[in-house]
Amino acid sequence: MGIVIKGTGMYVPERVLTNADLEKMVETSDEWITTRTGIKERHIADEATSTSMLACNAARKALEMAGVSPDELDLITVATVTPDKLFPNTAALVQRALGARACPCFDLEAACSGLLYSLEVVHSILKANKNYRKALVIGAEKLSSIVDWTDRTTCVLFGDGAAALVLERDDSAEHDFYVAGKLAADGNYGDILHLPAGGSAMPASHESVDGRLHFIKMGGQETFKLAVTGMTNASKEVLADAGVAPDQIAWVIPHQANRRIISAVAQRLDVPEERVYVNIFRYGNTSSASIGICLDELNRAGKLKRGDYVLLTAFGGGLTWGAQLIRW
Ligand code: ACO
């Protein structure tokens, strides 16, 4: 018996915001954004589109690939920092929109590490309880709704998008997709990457709106350093735990936050760049969607072979971070 990834899907909104477009909005340049981050463009949803809608579009593709109908699902979860509303949870909104039957639905918030956290949690549930056979795991974000479009230090970094995976308990599977994992968080660094207002600590008020406190605040350089250390150490621990050497890995999929962070991690792991998947130049940082988008692109391009080891690694607000070794 094993848990398998039966389907993957992704969705990004049509509208593309290029670095040239950003040059007209804030004091920045294509040259600065490209050299510091690797990002050339990102997709931005229109006002009428919410995170759950992005999530549903990705989910439909994953379900179609898996050959699973929404009414067969036993569990739906959405990792997000941009839920449609504080409640009901986004997964329940996805359930309704897909026409899925009554099943447990919950959101998971671990910022950009959200999809890794979800895979760990959902894998454990499927493994532990035979009443759960088919689960929909989504990472979806409308980050444009929490980006301060007047702040050049953050607005150039983020994009909107969603990714979905269908996990299934398969009694005849040759192997489980999950090989080893390491998740971590350190709340002491909570203030270097956060959204100050809108929760119970600072409900919306005239002051919070005037102070632009409903937008992402980030200490870029500190985040950068902690991201490199966190992803590298977690990845090394996972590989050691699994007894898998870096040269046995077919692909490393790092969270797509900054091209330079990705290169620094790859170098420290001693994995050649051609086995490190990068698509940040097209999407920017899509937070909990980013790793799933990469996985779906690789999958649909036929670049994942049965038995391949794929190392996923992420970090995000919290701070949270982690790594997971999966086997295709
Ligand atoms: N265009 C032009 N100049 C800029 C821009 C911009 N968009 N943004 C900042 N600058 C300027 C700064 O004002 C500064 O100018 P100064 O030297 O005159 O003060 C200069 O560029 C250098 O700024 P730094 O912040 O030192 O630039 P750095 O090389 O650190 O790059 C960056 C900034 C890209 C944000 C980098 O620190 C980074 O990627 N950090 C990690 C970010 C990240 O991964 N966040 C994860 C968020 S995920 C989540 O959980 C939501």
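Numbering of ligands and ligand atoms starts at 1, following listing order. As the structure is a computational prediction, the values presented were derived from the model and not from experiment.
Salt-bridge formation is detected for the pair Lys127/Asp176: a Lys NZ or Arg NE/NH1/NH2 atom is positioned less than 4.0 Å from an Asp or Glu carboxylate oxygen. Using a 4.0 Å cut-off between a side-chain N of Lys or Arg and a carboxylate O of Asp or Glu, Asp270 and Lys236 do not qualify as a salt bridge. Ionic pairing of Glu168 and Lys6 is present here: one or more N-O contacts between side-chain nitrogen and carboxylate oxygen are shorter than 4.0 angstrom. Looking at Asp71 and Lys134, no side-chain N of the basic residue comes within less than 4.0 Å of a carboxylate O on the acidic one, giving no salt bridge. With respect to the salt-bridge test (charged N to carboxylate O, under 4.0 angstrom), the residues Glu47 and Lys142 do not qualify.
If you check the side chains of Glu120 and Tyr178, you find a donor sitting under 3.5 Å from an acceptor.
Between Asn258 and ligand 1, at least one N/O pair is under 3.5 Å apart. Checked against a 3.5 angstrom limit, the closest N/O atoms of Ser29 and ligand 1 fall outside it.
Using a 4.0 Å cut-off between heavy atoms, Leu143 makes no contact with ligand 1 at all. Under 4.0 angstrom from ligand 1, the non-hydrogen atoms of Val156 all belong to its side chain.
Within ligand 1, counting atoms from 1 as listed, the ones closer than 4.0 Å to a heavy atom of Arg36 are 22 (C), 27 (O), 28 (P), 29 (O). Shown in contact with Phe315 at under 4.0 Å from a heavy atom are these atoms of ligand 1, numbered in order with element: 44 (O), 46 (C). Counting atoms of ligand 1 from 1 in the listed order, those under 4.0 Å from a heavy atom of Ala111 are 50 (O).
Cation-pi check for Arg327 over Tyr309 is met; the charged atom lies under 6.0 angstrom from the ring centroid and within 45 degrees of its normal.
The only option from Thr286, Thr80, Leu54 that meets the side chain to side chain contact (heavy atoms under 4.5 Å, CB included) definition with Glu141 turns out to be Thr80.
The nearest heavy-atom contact from the protein to atom 24 (P) of ligand 1 is Gln221 NE2, 3.8 Å. Scanning the protein heavy atoms around atom 33 (C) of ligand 1, the nearest turns out to be Trp32 CH2, 3.9 Å.
By the 4.0 Å heavy-atom criterion, Ile33 is excluded from the residues contacting ligand 1. Residue-ligand proximity: Cys112 is placed with a non-hydrogen atom under 4.0 Å from ligand 1. Assignment of Val26 to the shell around ligand 1 is not supported, since no heavy atom sits closer than 4.0 Å.
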